[in-house]
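Note sheet for the following structure.
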Amino acid sequence: MATQLAPEAPQFSYRSSPTAIEAFTAWLKENPQAIPAHTHKWDVSRSDIYVEDRWQSIFAEMRAKAPVNFVPESPYGAYWNVVNHKAIQHVESLPELYSSSWQYGGITIGDPPADTDPALLAERQLPMFIAMDRPEHTGQRRTVAPAFTPAKMVEMEREIRQRTGEVLDSLPWGEKFDWVDKVSIELTTGMLALLFGFPWKDRRLLTFWSDWAGDVELILARELSDMRFGFLGEMAHYFQRLWGERMRSAPSGDLISMMIHSEAMNHMSPQEFMGNLVLLIVGGNDTTRNTMSGIVHALDQFPDQRDLLARDPSLIPNAVQECIRYVTPLAHMRRTATADADLFGQPIKAGEKLILWYISANRDETVFENADKLIVDRDNARRHLSFGYGVHRCVGARLAELQLRILLEEMHERRMQVRVAGEVERVRANFVHGFRKLEVVLEKR
C-alpha cells in the first residue's frame, strides 16, 4: 500500500509496506542458513536475548568478572564490550580518543560487509551529527538545539498535554488493545510531525522510515539493502520537497527551517541531509515510543510501584527518570579508538570498536541498588545513561522527559491503570530496545 503525497505532487507516492520486521522475518524464513551464529559466551550482539528478555544475567556476569572484555568474533566482527557505568562514562568523556564519526564506523555495532563495492558504500554513507566529531558535531548540534531549550519546552507543553489527553480519551476501557500502536506510536509520530512541520495525514510514514533506518540487523541481510535504501530515498524525496517549500518561506521554528537558515547545515550533501533526518526521526521516535510502552509494562510488573505513584503523583518526574533507566530504549552506542589506549587495564588498539552497553550500565549494582527493580522514588535515578554522556548526550532529552511526564500525569488524572492482558512482543534487535506489541486492558484504579 502507499500513502499519497499532498496535492502539489500527485505523481509520486510513498510506500508504507512491508515493514522492516516483516521483510527481515520473511528473509530469515527463506534463508535459514543465514541466521547468524554467536559462538562467544559474551557476544551480546545476538538479538534473541533481547526479544526473549534474558540479557540481564549475561551482562551481570560481565560486570562482575570483566567489565571491559574482548569478543574476537561475531557476525558484526570483533569488538570490545564496555558494560559498567564507570567505564562507559570514561569512554564518552574522551571523544577525540574514542570517536563517534561515521568515517570510522559510526555509532552502531554493524559494519557493511567487507566486500561491499566502494562506490556503493560511499553513496550509502549517511553522515549525521551524532556520528561526527568536533568541530562538525558542535556546529550542527547547535543548529537544532534551540528546538529543545527549557523555554521551548514550556511553549510546547500545552499542545503536548492536549494531544496526549485526546489520545488517552480515545482508548477503549475494559477491552484489549495494542498500547504500542494506539498510544506510543501515535504520540511520538505526532510529536515528530509537529517538530518537522510534517503533513499530519502522512505522519505514520515517520514510524515506517524510522524502523527501516534503525534496525541494525538489516545489515546481515544483504538482499534487503537495496530495499532499505529505496525507502530511505523516498524519505529524502519527501523531505527535499518540504525543504524547497521552507526555503521559499520566512524562517520558522520547525527543524527543517532551522537547518535551512543555519550556516552549519544549509550546505549539506544529500547523504548528510538523509543522515540527519534518520538521526532526528529515530532519536525522536524509537526512544520515546519504546519508553512509553516500557513504562506501562514495568508498572504492571511492579504493582507496588504503580500503587505508590497513584498515591503520590509528586513522584512522577522522578518516576520518569527511573523508567528511562529501567527500560533503556537504546541498548548500545559504538565508539572507535583513534589511537592505542589503556582502558582500565585492557589494551585497546587504534581502529578497534568499543560497544558501550547502556542497557548494562543502567543495571550496574555499584551505582543503582536493587538495579533490576523499578523503584519510582529511587534517589539517584537521574544517573542513568540512557541519553548518553558528555558531548553526545541526547539533544532531545528534555522533550522526551516532557512527553513521558505528561503521559503519566494525564493517566493519573484519569485514574487510568494499564494491565498487560495479552501478547507481548519485544523488538528483535541489539540496538533499539523495546516493544513491537503490548496488548493491555484499561481499568479504573
Side-chain angles (χ1 to χ4, degrees), residues 1 16-26 28-29 47-56 163-191 203-204 206-208 210-211 214-215 285-307 309-310 319-320 323-324 326-329 331 359 372-374 376 403-404 406-408 410-429 432-445:
M1 70 188 196
S16 56
S17 68
T19 65
I21 187 60
E22 288 169 347
F24 189 59
T25 301
L28 284 177
K29 187 175 181 180
S47 59
D48 59 321
I49 63 175
Y50 305 104
V51 76
E52 296 167 9
D53 196 35
R54 55 182 181 85
W55 50 271
Q56 295 87 343
R163 286 195 59 254
T164 302
E166 290 171 354
V167 168
L168 293 180
D169 289 339
S170 72
L171 301 175
W173 289 79
E175 299 176 21
K176 189 162 63 176
F177 68 93
D178 181 8
W179 180 272
V180 174
D181 180 62
K182 297 294 185 184
V183 180
S184 304
I185 291 177
E186 188 59 30
L187 286 176
T188 51
T189 55
M191 189 71 254
R203 65 191 183 280
R204 286 279 176 138
L206 295 169
T207 300
F208 178 74
S210 175
D211 289 344
D215 277 14
N285 178 57
D286 278 355
T287 53
T288 310
R289 175 176 87 186
N290 285 309
T291 308
M292 284 179 172
S293 301
I295 279 177
V296 298
H297 185 269
L299 290 174
D300 186 73
Q301 296 293 107
F302 297 93
D304 61 321
Q305 299 301 298
R306 181 171 59 195
D307 293 344
L309 209 55
V320 166
C323 288
I324 295 170
Y326 184 82
V327 174
T328 314
I359 198 170
D372 286 330
K373 292 185 177 180
L374 184 80
V376 297
Q403 290 176 272
L404 295 168
I406 288 174
L407 175 61
L408 286 178
E410 293 302 302
M411 288 169 62
H412 177 81
E413 180 71 19
R414 289 159 177 77
R415 299 177 59 206
M416 181 180 287
Q417 183 168 285
V418 185
R419 178 171 59 84
V420 177
E423 188 177 353
V424 177
E425 181 185 348
R426 296 176 182 273
V427 175
R428 183 178 290 276
V432 174
H433 182 238
F435 298 84
R436 293 205 182 275
K437 180 181 285 188
L438 184 62
E439 292 185 332
V440 301
V441 169
L442 301 185
E443 300 172 345
K444 287 280 188 182
R445 56 171 171 76

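Residue indices begin at 1 and follow the sequence shown.
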Is the shortest side-chain heavy-atom distance between [X] and [Y] below 4.5 Å?
X: Leu168; Y: Leu407; answer: yes
X: Val180; Y: Arg436; answer: no
X: Val427; Y: Val51; answer: no
X: Val418; Y: Leu299; answer: no
X: Leu374; Y: Gln301; answer: no
X: Met292; Y: Thr188; answer: yes
X: Thr291; Y: Ile295; answer: yes
X: Leu171; Y: Trp179; answer: yes

Regarding Asp48 and Arg54, does a basic nitrogen lie under 4.0 Å from an acidic carboxylate oxygen?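 Yes, charged N to carboxylate O under 4.0 Å.
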Minimum heavy-atom distance [X]-[Y], with the two atoms named:
X: Arg428; Y: Ser47; value: CG-OG, 3.4 Å
X: Val441; Y: Ala421; value: CG2-CB, 3.6 Å
X: Thr189; Y: Leu206; value: O-CD1, 4.0 Å
X: Thr164; Y: Leu187; value: CA-CD2, 3.7 Å

Partner residues of [X] under the side-chain hydrogen bond (donor to acceptor under 3.5 Å, both in side chains) criterion, sequence neighbours left out:
X: Glu175; value: none
X: Glu186; value: Arg203, Arg204
X: Gln417; value: none

Does the pair Met191 and Thr288 meet the rule for a side chain to side chain contact (heavy atoms under 4.5 Å, CB included), with working shown? CA-CA 10 Å; Met191 189 71 254; Thr288 310; over 6 Å; no
Side-chain ([X]) to main-chain ([Y]) donor-acceptor, under 3.5 angstrom:
X: Asn290; Y: Phe435; answer: yes
X: Arg414; Y: Glu410; answer: yes
X: Ser170; Y: Val167; answer: yes

What pairs with Thr19 under side chain to side chain contact (heavy atoms under 4.5 Å, CB included), at least two apart in sequence or on another chain?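 Side chain to side chain contact (heavy atoms under 4.5 Å, CB included) check on Thr19 returns Ile21, Glu22.
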Please identify each residue that fulfils side chain to side chain contact (heavy atoms under 4.5 Å, CB included) with Glu423, with sequence neighbours left out.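 So Glu423 forms a side chain to side chain contact (heavy atoms under 4.5 Å, CB included) with Glu425, Lys437, Glu439.
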Measure the spacing between CD1 of Ile49 and CD of Gln56 and express it to the nearest 0.5 Å.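 With rounding to 0.5 Å, CD1 (Ile49) is 9.0 Å from CD (Gln56).
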Rounded to the nearest 0.5 angstrom, the OG-CZ distance for Ser293 and Arg426 is 10.5 Å
Taking only residues two or more places apart in sequence or in another chain, which ones pass ring pair (Phe, Tyr, Trp, His ring centres under 6.0 Å) with Phe177? none
Between His433 and Tyr50, how do the two ring planes meet: parallel, tilted or perpendicular, split at 30° and 60°? perpendicular
More than 12 heavy atoms from other groups under 6.0 Å of NZ on Lys444: yes
